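Not measured: the values here are computed from a predicted model. A note on names: the letters A, B, ... follow the listed sequences, proteins ahead of strands, and every chain is numbered from 1.
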There are 2 protein chains.
Amino acid sequence: MTDLVYRTVMHDLKNKINGGQFPDKKLPDERSLSDHYHVSRSSIKRALSVLVDQGIIFKKRGSGTFINPLYMKNKTIFHYDGSNLGITDSLKNKGMTPKIKLLSFKVIPTTEALKQDLFLKDDDFVYEIKRLRLFQDKPFMIETGYIPIRVTPTLSKEIVSGSIFNYLEKTIHKTVTRSFMSIKAAPSNSEDQKRLNLKMNEPVGVMEGIFFLDDGTPFEVSNMRLHYKYMKYNTFVMIGK
Amino acid sequence: MTDLVYRTVMHDLKNKINGGQFPDKKLPDERSLSDHYHVSRSSIKRALSVLVDQGIIFKKRGSGTFINPLYMKNKTIFHYDGSNLGITDSLKNKGMTPKIKLLSFKVIPTTEALKQDLFLKDDDFVYEIKRLRLFQDKPFMIETGYIPIRVTPTLSKEIVSGSIFNYLEKTIHKTVTRSFMSIKAAPSNSEDQKRLNLKMNEPVGVMEGIFFLDDGTPFEVSNMRLHYKYMKYNTFVMIGK
DNA sequence: TTTACTAATTGATACGGTCCAATTTTTAGA
DNA sequence: TCTAAAAATTGGACCGTATCAATTAGTAAA
């Protein structure tokens with residue numbers, strides 16, 4: 001999985017950090033690391049920059065590289081390993097597979113908004129797939145997805161009752177690797193309340209996403225309404241520049 | 001502001017993209033760009049990788065570098081320029097300065113949670129600063145911030161009625177450059193409803209953040225409750241690796 | 001025309017070097 | 001002892017090169 005130099009170094013450093021091998025919260029300087037690992041300083045830089053992006057360490061020119069104190073204190077919220085997903089970690093936690101209940105599956109003509117987002121023409125059609133997702137038998141999310149027929153003409157009720165992304169990868173060898181997400185809060189409507197077992201005043205978290213294939217094709221527009229207790233989005237933000 | 005090579009190239013490319021200079025959605029290959037700009041390929045790579053992170057372009061090995069079709073269609077949601085802030089863009093949009101109304105300002109002993117996040121000892125004290133933020137005279141956010149006295153012993157009502165970050169930068173020359181954010185939705189409580197002018201069933205977006213200084217010191221813990229219509233968090237996500 | 005092999009293209013990884021800028025440490029002077 | 005200048009440390013920016021891997025384009029054989 002990982003024979004890349006910078007990844008190897010990155011993982012090793014992360015292990016050492018987790019193992020408390022830098023009690024002074026300071027990493028060796030880049031040149032020493034370069035010597036120690038017998039790799040170029042560029043590779044060290046790359047490894048470190050990944051850890052910086054993950055919020056695990058930070059650098060100060062002239063001074064050194066330090067461990068984010070919060071990372072040691074509260075590792076649980078620094079969930080990622082290489083990826084910076086961050087969405088509803090409840091989902092993929094511990095390999096727990098959430099169940100899917102298909103609510104509806106039909107083909108509809110394009111709407112104006114969909115044309116925008118999915119790059120469609122007037123006479124294009126899309127699948128509308130509405131699903132309820134359950135985690136440990138509790139419903140936590142209503143998902144409405146729109147997929148152009150042109151991209152995947154072969155969807156069926158069976159496929160759509162499982163993971164569409166997996167289907168794509170295994171059969172058509174197309175991968176979803178990027179998405180543009182938008183996150184907000186909204187009052188629950190009566191359907192939310194019924195399906196997600198919410199009280200009148202309890203809201204939903206709304207995540208709208210546009211998913212892209214390897215080749216840049218917008219593949220799916222998805223509207224996800226989550227039980228508010230199940231939505232928590234964690235992210236590390238660098239301000240400026 | 002921008003005399004760095006890779007930034008210059010980055011901005012120029014972005015301008016060309018926005019100006020529609022690549023109608024085939026394809027950028028020149030890296031070697032040509034290197035020639036054209038008279039800079040090393042490494043610098044081109046760096047410039048491009050920023051644009052990749054921003055979701056503006058994507059690369060395919062062996063094939064080339066392409067413009068994200070959605071970026072052209074819907075530039076408004078790709079808001080960032082160099083930064084990847086993403087928080088309540090309503091705030092800094094068009095230089096509109098949101099107003100601040102100070103609700104309360106006091107010094108309290110540490111709580112357990114604060115000790116965790118701010119790296120404090122038992123007998124430390126913190127400022128508790130509660131503020132209402134208004135945008136175009138409409139209240140949109142209740143913000144409760146906690147700042148250790150040890151870090152900034154000089155806060156006053158006046159200071160706290162303006163931007164604390166600006167104060168820090170201008171007087172003590174400390175900068176807040178990193179933060180760990182957590183975003184979720186929650187039902188509004190009676191105070192939310194009163195202050196933000198919300199109906200019973202209307203929720204708030206809750207953003208909790210820990211802000212860090214340049215040197216890694218956790219500087220502030222902030223709990224922000226936003227009128228749900230004002231909270232929208234956009235982000236570009238790379239899946240896997 | 002189709003198929004299969006080969007070339008060229010193009011981005012990815014990695015190396016190692018130069019010079020610079022911010023910071024810290026050391027040294028020399030008052 | 002204290003202060004200010006000098007030196008060492010340390011990360012940042014950039015360059016240019018070599019090699020590799022995925023993709024596409026071109027070519028020759030069936």
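Separating the CG atom of B:Leu27 from the C1' atom of C:dT9 is a distance of 16 Å, rounded to the nearest angstrom. Distance CZ (A:Arg46) to C1' (C:dA12): 7 Å, rounded to an integer number of Å. Counting to the nearest Å, the P atom of C:dA12 and the CD1 atom of B:Ile44 are 13 Å from each other. Rounded to whole Å, atom P of C:dA22 lies 17 Å from atom CG of B:Asp215. Remark: C1' of C:dG16 and NZ of A:Lys45 are 14 Å apart, rounded to the nearest angstrom. In this structure, CG of A:Asp3 is placed 13 Å from C1' of C:dA12, rounded to the nearest angstrom. In this entry the distance linking CG of B:Leu48 with P of C:dT10 reads 14 Å, nearest Å. At whole-Å resolution of the value, CZ in A:Phe66 and P in C:dT23 are 11 Å apart.
Along DNA chain D, the stretch of nucleotides lying under 4.0 Å from any heavy atom of chain A spans, 5' to 3', D:dT9 to D:dG12.
Proximity of a side-chain donor or acceptor of B:Ser40 to a complementary backbone N or O of B:Ser43 within less than 3.5 Å is detected. Here the side chain of A:Ser179 pairs no donor or acceptor atom with the backbone of A:Gly209 at under 3.5 angstrom. A donor-acceptor contact shorter than 3.5 Å is absent between the side chain of A:Thr152 and the backbone of A:Leu155. One N or O on the side chain of B:Asp124 and one on the backbone of B:Lys121 form a donor-acceptor pair closer than 3.5 Å.
A:Tyr6 carries A:Arg46 over the face of its six-membered ring, with the cationic atom under 6.0 Å from the centre and within 45° of the normal.
For the residue pair A:Val126 and A:Pro148, the shortest heavy atom distance occurs at CG1-CA, 3.8 Å.
Direction of the helix axis in the helix from C:dA8-D:dT23 to C:dA30-D:dT1 shifts by 10° between the two five-pair termini, rounded to 10°.
The glycosidic torsion of C:dA4 lies more than 90° away from 0, placing the base in the anti range.
The pair B:Lys16-B:Asp12 meets the salt-bridge criterion, with a side-chain N (NZ, NE, NH1 or NH2) lying under 4.0 Å from an Asp/Glu carboxylate O.
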Worked check of side chain to side chain contact (heavy atoms under 4.5 Å, CB included) between B:Glu208 and B:Met224: CA-CA 6 Å; B:Glu208 289 175 302; B:Met224 297 165 267; over 6 Å; no
Worked verdict on A:Asp29 versus A:Ser32 for side chain to side chain donor-acceptor pair (under 3.5 Å): CA-CA 5 Å; A:Asp29 69 281; A:Ser32 310; 2.4 Å; yes
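Taking the six-membered ring for Trp, B:Phe165 and B:Phe211 have ring centres closer than 6.0 Å. Aromatic pair A:Phe105/A:Tyr127: centroids less than 6.0 angstrom apart.
Each of A:Arg61 and B:Arg41 has a nearest nucleotide on DNA chain D; the 5'-most of these lies closest to A:Arg61.
A heavy atom lying under 4.0 Å from DNA chain D marks the following residues of residues 28-40 of chain B, by number: B:Val39, B:Ser40.
Across all strands, B:Ser42 comes closer than 4.0 Å to base atoms (heavy-atom distances).
In this structure, B:Thr65 reaches the C:dG11 phosphate: one of its side-chain N or O atoms is under 4.0 Å from OP1 or OP2.
Judged purely by distance below 3.5 Å, without hydrogens or angles, the side chains of A:Ser182 and B:Asn234 pair a donor atom with an acceptor atom.
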